[in-house]
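Reviewing the structure listed below.
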Amino acid sequence: MNYKELIATALDNALEGQLKKETIIQTIEKPKSLALGDFAFPTFPLAKILRKAPQVIAQEIAAKISIKEFEEVQAVGPYVNFFLDKRSYSDTILHQILAERAAYGNQDLGQQGKVPIDMSSPNIAKPISMGHLRSTVIGNSIAKILAKTNYQPVKINHLGDWGTQFGKLIEAYKLWGSEEEVKADPINKLLEYYVRFHKEDVAHPELDDEARAWFKRLEDGDAEAITLWKWFRSESLKSFMRIYNKLGVEFDSFNGEAFYNDKMDEVVTLLEKKGLLQESRGAQIVDLSKYNLNPALIKKTDGATLYITRDLAAAIYRKRTYDFSQSLYVVGNEQTNHFKQLKAVLKELGEDWSDDIHHIPFGLITQGGKKLSTRAGRVILLDEVLDDAVALAKKQIEEKNPQLADKELVAKQVGVGAVIFHDLKNERMNNFDFDLEEVVRFEGETGPYVQYAHARAMSILRKAAKQDLNETKSAAYQLNDEDAWEVLRLLGSFSAIIKRAVTEYEPSVVAKYSLHLAKSFNKYYAHTKVLTSDDQLIARVALVKSVAVVLKESLRLLGVQAPVEM
RNA sequence: GCGCUUGUAGCUCAGCAGGAUAGAGCGACCGCCUCCUAAGCGGUAGGUCAUCGGUUCGAUUCCGAUCAAGCGCACCA
């Protein structure tokens, strides 16, 4: 039901063509306070035209208007305020949610269009840090929201599994490593070798030559080099998978940098053919000065390719493979320029679909105000953060609900949920300084707060199930009290929230919504006893059930579990 | 120096396409468990919306300048 449209039609009639209907629709707004109704029409713009005081105009309009769906149309100062008929709105929305369940809020914005999402993308032989968490959970949530709006997301983990660092890694392993060590603790050991290499090559620059030689052998397909590389890659991947399992994130593709090795020549040839390649300071570049961008470095002085060459190959490959309607890159804000260059080069190549490529940037995580850096030892290991969070959740359960059945499982859901939610609740672009206590907080505006509201709703529903409260299609869900109204309004705005979240690629919109809904529901059941026998009992149960459905669905879209009890 | 992003309560942040007394959470102080799990609910205190201009009947919101912070600025990704 489009209420704005209804109001606009009524206003249009009342105003007898003084304003265009489109203008009227744009002018209609939502009042800040529920006491001022559900929709409002400010009369300021009419004051000039009609040469009357806005207050007078508001009163004249209000007197003329009556709409079935609204119980009251009232002039308050210069505004005409519209109050929805609570009983009928309540009845409509609750029936709709209970009929559609998890599909409530679904809409067809994408028409099945495929959307590859470049996300997470950790480097082999390096641990997954909090920085990767952002890309992973933001990408994961966007994928779910896209699916809800009828796109087909393709989650691609563009692994950092190639490059000169593998030469260093192989050399370091040959010098100081052992198979047993790596098997026992792959990431940490590999990282250790890598770090040691960087320490020792200061005094022994010949190590760099050895590393270069190893990487050359790797590129040339030397059997030993390839075997080691594959092994490092698979061991690293195994430990990454442990973390992805904890987070509940799955991927559709692990095609990383190495996958595009044999696909870069074509890009270079293409650029040459189009006459876009120039030599500059010994390197091959594409000039982008007409885009007001730095030149794109395609080949180094030594002929080796670079990041952007690989990304060009990947972009083209994805277009061919998926014929995408959009292609997303969930990558930190600091790489904005790179993606501008990427799109510009594709544009120069005449690939008009470059406009469908969107960089989804996000803010930086710092610690003590400083940028995280593996080399400076400022790393926050995601695995440890998750474990800490789960341990803390476990402790909370022991304190607050010691007789809970599935303590371990719920502790995982709550602990991990807190970490994910914390990352998604604010706008992507905000930077944040890492604070473990802040991340694993369970009170206030947090994931567990939303989970708790859901668990409480489920608890009420379990009790209700023991009574015989059959919901039927003919049942009247006509609630009209103030606390219920806040909840109902929020339930009704779910679709609009999903739409905004997907067009802005902004999971925080859903996260904020879930907090608002949880808050209004907490308030509701704190002040209204649901399970008392009166003529609105069934309607209240329907409200609780609807809240549970929408809260669970909101959390699902964020990649957060919703335990039924906690 | 140039470019991008950001500047709202002590702290962390909302405020959707400009509109009615600027909202939450945390922290502080004060209340509420014979009542569906107190991971909850209620109340008090706390803001010249960085600064200065401009557009408008009206600007926290749009535009410009200034100041401050973060990030980036060719052979890393």
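This structure is a prediction, so every number in the text was calculated from the model and none was measured. Just so it is clear: chains get the letters A, B, ... in the order the sequence lines come, proteins before strands, and each one is counted from 1.
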**OP:** Could you classify C33(B) for me, syn or anti, using a glycosidic angle within 90° of 0 as syn?
**Re:** syn

Original post:
Syn or anti: how is A17(B) classified when any glycosidic angle within 90° of 0 counts as syn?
Top reply: syn

**OP:** With the side chain of Leu531(A) defined as its heavy atoms from C-beta on, choose the nearest nucleotide among C36(B), C26(B), C71(B).
**Re:** C36(B)

Original post:
Base, sugar-phosphate, or nothing for Ala47(A), non-hydrogen atoms under 4.0 angstrom?
Top reply: nothing

What side-chain donor-acceptor pairs closer than 3.5 Å can you find for residues 394-405 of chain A, not counting sequence neighbours?
{"from": "Lys394(A)", "atom 1": "NZ", "to": "Glu408(A)", "atom 2": "OE2", "distance (Å)": "3.0"}
{"from": "Glu398(A)", "atom 1": "OE1", "to": "Lys407(A)", "atom 2": "NZ", "distance (Å)": "3.3"}
{"from": "Asn401(A)", "atom 1": "ND2", "to": "Met566(A)", "atom 2": "O", "distance (Å)": "2.8"}

Original post:
Name the stems with RNA chain B in them: runs of three or more consecutive Watson-Crick or G-U pairs, distances under 3.5 Å?
Top reply: B:1-7 with B:67-73, B:10-13 with B:23-26, B:28-32 with B:40-44, B:50-54 with B:62-66

**OP:** Show the numbers, then the answer: is there a side chain to side chain contact (heavy atoms under 4.5 Å, CB included) between Phe421(A) and Leu515(A)?
**Re:** CA-CA 10 Å; Phe421(A) 196 93; Leu515(A) 284 168; 3.8 Å; yes

**OP:** Could you tell me which residues satisfy salt bridge (charged side-chain N to carboxylate O under 4.0 Å, His left out) with Arg310(A), sequence neighbours excluded, listed by chain and number?
**Re:** none

**OP:** Verify whether the ring centers belonging to Trp162(A) and Phe215(A) lie closer than 6.0 Å.
**Re:** yes

Original post:
Which part of the nucleic acid does Asp483(A) contact within heavy-atom distance under 4.0 Å: base, sugar-phosphate only, or nothing?
Top reply: nothing

**OP:** Give the rounded distance in Å between these two atoms: CZ of Phe39(A) and P of C16(B).
**Re:** 17 Å

Could you run down the sub-3.5 Å N/O contacts of the protein with nucleotides 44-50 of chain B?
none

**OP:** Report the residues that fulfil side-chain hydrogen bond (donor to acceptor under 3.5 Å, both in side chains) with Asp423(A), sequence neighbours left out, ordered by chain and then residue number.
**Re:** Arg134(A)

Subject >> Side-chain N or O of Ser459(A) closer than 4.0 Å to phosphate OP1/OP2 of C36(B) >> reply: no

Subject >> Arg456(A): partners by salt bridge (charged side-chain N to carboxylate O under 4.0 Å, His left out), with sequence neighbours left out >> reply: none

Subject >> Partners meeting salt bridge (charged side-chain N to carboxylate O under 4.0 Å, His left out) with Arg462(A) (sequence neighbours left out) >> reply: none

**OP:** Check every strand shown and say whether Thr43(A) touches a base, only sugar-phosphate, or nothing at a heavy-atom separation below 4.0 Å.
**Re:** nothing

Subject >> Under-4.0 Å salt bridge between Lys512(A) and Glu506(A) >> reply: no

Subject >> Inter-nucleotide P distance (U51(B), U61(B)), Å rounded >> reply: 10 Å

Report each atom pair, protein N/O against N/O of nucleotides 40-42 of chain B, whose distance is under 3.5 angstrom.
{"from": "G40(B)", "atom 1": "OP1", "to": "Gly444(A)", "atom 2": "N", "distance (Å)": "3.3"}
{"from": "G40(B)", "atom 1": "O3'", "to": "Asn522(A)", "atom 2": "ND2", "distance (Å)": "3.4"}
{"from": "C41(B)", "atom 1": "OP1", "to": "Tyr449(A)", "atom 2": "OH", "distance (Å)": "2.7"}
{"from": "C41(B)", "atom 1": "O2'", "to": "His527(A)", "atom 2": "NE2", "distance (Å)": "3.2"}

**OP:** Do nucleotides 55-61 of chain B as a string where each nucleotide becomes B, S or -: B if the base has a protein heavy atom under 4.0 Å, S if just the sugar-phosphate does, - if no protein is that close.
**Re:** --B----

Subject >> Note, Gln451(A) side chain near Pro563(A) side chain (heavy atom, < 4.5 Å) >> reply: yes

Subject >> Separation of the P atoms in U37(B) and C16(B), to the nearest angstrom >> reply: 38 Å

Subject >> Between Phe82(A) and Tyr3(A), ring centroids under 6.0 Å >> reply: no

Subject >> Sugar-phosphate, base or nothing in reach of Ala40(A), heavy atoms under 4.0 Å >> reply: base

Subject >> Any residue of residues 398-415 of chain A with a heavy atom less than 4.0 Å from an atom of RNA chain B >> reply: Lys400(A), Asn401(A), Val414(A)

Original post:
What does Gln26(A) touch in the nucleic acid at a heavy-atom separation under 4.0 angstrom: a base, only the sugar-phosphate, or nothing?
Top reply: nothing

Subject >> Validation row: Phe240(A), Ser120(A) side chains within 4.5 angstrom (heavy atoms) >> reply: no

Original post:
What does Pro31(A) touch in the nucleic acid at a heavy-atom separation under 4.0 angstrom: a base, only the sugar-phosphate, or nothing?
Top reply: base

Subject >> Contact state string [nucleotides 4-14 of chain B, B base, S sugar-phosphate only, - no protein heavy atom under 4.0 Å] >> reply: SS-------SS

**OP:** Kindly state each residue pair satisfying side chain to side chain donor-acceptor pair (under 3.5 Å) with at least one member in residues 49-62 of chain A, sequence neighbours excluded.
**Re:** Lys52(A)-Glu60(A)

Original post:
Mind checking the P distance from A22(B) to A39(B)? Whole angstroms is fine.
Top reply: 34 Å

**OP:** Kindly point out which of A17(B), U37(B), A77(B) is positioned nearest to the side chain of Leu306(A)?
**Re:** A77(B)

Subject >> A39(B) OP1/OP2 closer than 4.0 Å to side-chain N/O of Lys394(A) >> reply: no

